[in-house]
Structure formats: C-alpha cells, structure tokens
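Here the structure is laid out as structure tokens; the discussion comes afterwards.
Just so it is clear, the structure is predicted and the values come from calculations on it, not from any experiment.
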Amino acid sequence: MNHSASDQLDADSGSGRAEPHRTIGWRDAMRIATDAASPNASESIPIDEALGRVSAADLHTMQAVPHFASAAMDGWAVAGTGPWLIDDPVTAPGSAFTTARSGLEAGHAEGIVTGGLVPAGTTAVLRSEHALTPSAQPGQQRHLSVGPGARAGEPLPGQHIRLPSEEARAGELVIAAGAVINPAHIALAALAAHDEISVIRRPRVRFVFTGDEVIEHGIPEPGRVRDTFGPQLPALLRLHGAEVIGRLRVGDSLPATVDALEQSLSDSQLVITTGGTGRSSADHLRRAVGAVGGATLFDGINVRPGGPTLLAMAPNGSVIVCLPGNPLAAMAALVITVIPLVRVMAGRASTDLMTTVVGADTAGRTGSTLLMPFMLVGGRAFTSAWQGSAMMRGLADADGFLEVPPEGLVAGDRAKAIAVPWR
Ligand SMILES: Nc1nc2c(c(=O)[nH]1)N[C@H]1C(S)=C(S)[C@@H](COP(=O)(O)OP(=O)(O)OC[C@H]3O[C@@H](n4cnc5c(N)ncnc54)[C@H](O)[C@@H]3O)O[C@H]1N2
Ligand code: MOO
C-alpha cells in the first residue's frame, strides 16, 4: 500500500466515511496526469489505415507532384499555331492507353484526354468544345482548327496543361510530423507515392468497471442502474487516439478487483477504473491499487464533481486512473486527467484551457472549486440547470466545464473553462 497525502488526512477525519481534505487543485491534477505520460513510439502502417492517427515524422514526396505534364481537359495536344495536322494516337500493343510519342512537331496535334501524358513539344491543350475537326476523306490527313466557341487567343501558351511540380517539388515536405491524419492527408500521401506512413502507436487502454448494482441492458429495477460508462468511455477515448483493448466488470470484492487490475496492467499502458473510489468498507479500490504495487501520484482533487479521483503508476510504468462512480463526476475527472494523458501518449496537441465571459451570477461552494457544465450563448457562459453528480443532461448540451471558485462568479467575470472533449 502506498502512502499518499490523503492517507494521512484520513487519520484525522474521525470515524465513518471521511470526506478527505483534498489539497490538489484540478489544474495541478491535470499537470500531474500529463506528466505521467510520454508520447508513444512510432510504427509504419498502410496509408488506408491511417485515418485519425498522428504522423510521427515529416512526410516528403517521393517525386514531383504531379510528376509529368498532363492534360487538364479532354481535347487536343497542339504544337505551335494552328491549323494543325492531326497525328494518329500511338497505342501500346494490347493496351487502351496511348503512350508517349517521341514528340509533337510544330503544326501537329494529337487527341488527348484529361490526365493524359502530354507529348513533348506540346505548347497547349485545346479543349474539345473549342475545336473544329472537319471529317476527312479516307486516306486524307485530318486537320484541326480553333472552333467558333473559343475565346480570343485560344489556345493560350500552356493552357490546360498541368505542369510537373505544380503542387510539390520532389522531396518536398507534404505532411508535417504531428498532423492528425485526415482523408485529404491520405490522398496526399498517395499522390506523394507512399504506401505506408509512420504514425505514433495508439495508447493501449483497458477499463475496469466496478459496481454490483450496474446492469448493461434493459430497464433497471430500483437499486440497480444502467451502465453509463461501458457504452460511452471507450468510444470517447478512441476519439482521442486510444486503442481500447479490453474491459472487465468486477463486483465489489477485493480479490476480484486485484485480479482485474493485474490482468489489465499486463498488456496496457493505461488502466481506467470506475466507481469504488469512496472510503466505505465496500470500496476496495485503494487496497487493490496498493496490492498491484501502484504508487499513488494523487488521491483526491479539490474539485466538485470529480473529487474522488486517484492517479497511480504501476511498477511496469502503466498508469492507473480511478474515476468516481457518479456519471458526471467521472466525466469531469476524465476531462481533466484521462483525456490530457491519452493525448500526450497519442502524440496529439495538449489540452488547452479557455477563458470565457460569465453570463450570469453563479454561486460557489465553500472550500472547493466547482467544475460546472456550461453552454455558450452569445459568447457568454451559462451554467446548466443539471449539475448533480449523477446527471448527464447538463453535460449532453454543454460546451465545457466552467471553473467556479468558492466565492462564486459574477456576470461579466472572465473565468477559466475546459471544453468538452468532443467538440
Ligand atoms: N460519506 C461520503 N459519501 C460520499 C463521498 C464522501 O466524500 N463521503 N463522496 C461522494 C462523491 S463526491 C462521489 S463522486 C461518490 C464516489 O463514489 P464511488 O467512486 O465510490 O462510486 P460508487 O460508490 O461505486 O458509485 C457511486 C454512484 O455511481 C453509480 N455508478 C457506478 N458505476 C456506474 C456506472 N457504470 N454507470 C452508472 N452509474 C454508476 C453508482 O450506482 C452510485 O450511484 O461518492 C459520494 N459519496
Ligand atoms: O465527485 Mo463527487 O459528487 O463531487 O460527484
């Protein structure tokens, strides 16, 4: 068992379930959580699997983009001024593709399609709508001239030709390290002739959900509750780059909790537990964390909801975060600890706080800082009517959590806030 500040604080709290005097503020908790993590190593993966991953290294194009001069319109590659003699296309044996002829002589033209390789000597592409090709007698050479629909001077030199390197020179940086790969990045990697891309390994996360009263499906009887964490937390962590490799449910028993922690720690970097953070005899969590050798980084945050949160480091370097069982409390704690920590491991940008203007007078609570779900209306933060630790309605519509100091806030004050992690 590790001895933390709150172990000592427990000693002077009298009998029964103590409300620990928590000294760590939520911003310190956030810092300690992010300091407990470091960015994962990289791995190379096929580009079509890279959506949402974080690039681990600058990606340079293997060749110029585009890498050859091509037509931007269906029509005619022409050389010099018209009218032009039409050359027959050169077709590769057994192929529908026209191949590059050695070159187009001045006064000659050749049919071309969008994206087609422009023959050497081409000075412009005349789009088909603006071309006139009177039919020729068999055996006669066909001529091409500019049609009546063309604009003055058409085809201008270089018109409708995509030039090599227009988008990037060979070797140019096209995706910077640290980019969260989006579909356009994937296309760009393909244009840059890459089959694979180096990305940060995803943080491997496991969950341990506690609570005998929790059911996963259907309508719960009085005394039982529907599980809010199972359907919600893995999906949320995936949004931030985590790979959720498993989840276990344990009843309120010490051996089962120790077992679940041991199993979960064996192959993951982060184990998140929910519930059981209280100090009643039914709460085995602290003992279980101690039993697996977890060194406590903090036990309790001076914040509401989310105060009963514990952060520990396992002997193998994995991080254990114990979230309170109340659904809103767990989310507040998750937003200030787990999300920033996972983002560090995943190589993502740090979680920044925001400053917002308070919309209405908001009462504080003696002795602790509140994190209240709020909504921005006309650029001002209004706290939700649903602030109970077990309530989700306020958070469902919220833009973030507003920091409310013990003395409260007055309309027009500027206050710190943290955005909900899904906007
Ligand atoms: N005497 C005291 N009682 C409590 C204190 C205190 O300081 N002294 N702290 C309160 C605060 S604050 C919180 S937060 C909770 C922390 O509770 P636990 O982490 O011990 O969680 P449980 O007791 O296991 O459950 C609390 C609550 O959450 C519900 N729950 C649990 N798991 C789920 C789930 N997966 N889905 C939905 N709801 C869940 C559970 O049924 C309980 O209602 O303690 C206060 N009490
Ligand atoms: O963390 Mo608890 O009620 O403050 O929900």
Side-chain angles (χ1 to χ4, degrees), residues 46-48 50-51 55 58-136 140-176 179 181-197:
I47 58 172
D48 56 357
L51 187 65
S55 77
D58 288 347
L59 188 91
H60 300 263
T61 172
M62 307 276 266
Q63 58 179 8
V65 184
H67 61 286
F68 63 95
S70 64
M73 291 284 177
D74 294 346
W76 301 90
V78 300
T81 46
W84 301 272
L85 266 177
I86 296 176
D87 293 342
D88 288 330
V90 183
T91 307
S95 159
F97 292 104
T98 55
T99 59
R101 62 170 64 245
S102 49
L104 205 56
E105 284 169 42
H108 287 242
E110 184 186 320
I112 197 161
V113 291
T114 303
L117 174 60
V118 157
T122 301
T123 53
V125 167
L126 179 63
R127 60 190 296 172
S128 48
E129 302 89 320
H130 295 176
L132 209 59
T133 51
S135 49
Q140 261 189 332
Q141 274 207 303
R142 290 166 72 213
H143 278 87
L144 168 76
S145 52
V146 176
R151 303 224 168 85
E154 210 179 330
L156 299 167
Q159 196 170 11
H160 303 316
I161 298 177
R162 289 187 190 134
L163 292 175
S165 303
E166 240 175 32
E167 188 166 358
R169 297 179 313 278
E172 202 175 320
L173 186 155
V174 286
I175 304 174
I181 300 298
N182 65 30
H185 286 127
I186 293 176
L188 188 53
L191 283 173
H194 288 272
D195 297 321
E196 300 210 323
I197 183 166

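- The side-chain heavy atoms of V65 and L188, taken from C-beta on, include no pair separated by under 4.5 Å.
- Between I112 and P119, some side-chain heavy-atom pair lies under the 4.5 Å cut-off.
- One finds the CZ atom of R127 at 9.0 Å from the OG1 atom of T114 (value rounded to the nearest 0.5 Å).
- The shortest side-chain heavy-atom distance between P155 and V125 does not fall under the 4.5 Å cut-off.
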Legend entry - Audit row: T133, W76, side chain to side chain contact (heavy atoms under 4.5 Å, CB included) steps and yes/no: CA-CA 10 Å; T133 51; W76 301 90; 3.6 Å; yes

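- L104 CG to L85 CG: the interatomic distance, rounded to the nearest 0.5 Å, is 10.5 Å.
- We find the NE2-CG distance between H108 and D87 to be 5.5 Å, quoted to the nearest 0.5 Å.
- Annotation: salt bridge (Lys or Arg N to Asp or Glu O under 4.0 Å) contacts involving residues 66-80, sequence neighbours excluded, are absent.
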Legend entry - Audit row: I47, I181, side chain to side chain contact (heavy atoms under 4.5 Å, CB included) steps and yes/no: CA-CA 9 Å; I47 58 172; I181 300 298; over 6 Å; no

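- No side-chain heavy atom of L191 sits less than 4.5 Å from a side-chain heavy atom of T61.
- Put simply, CG on L59 and CG on L173 are 7.5 Å apart, with the number rounded to the nearest 0.5 Å.
- Of the possible donor and acceptor atoms, none in the side chain of T122 sits under 3.5 Å from a partner among the backbone N and O of A124.
- Residues M73 and Q159 form no side-chain contact, since every pair of their non-hydrogen atoms from C-beta on lies 4.5 Å or further apart.
- No donor-acceptor pair closer than 3.5 Å links the side chain of H60 to the backbone N or O of A170.
- Across all their heavy atoms, V118 and A71 have their closest contact at CG2-N, 3.6 Å.
- Without hydrogens or angle criteria, T123 side chain to G80 main chain gives a donor-acceptor distance under 3.5 Å.
- With salt bridges taken as basic N to acidic carboxylate O contacts below 4.0 Å, one links R169 and E172.
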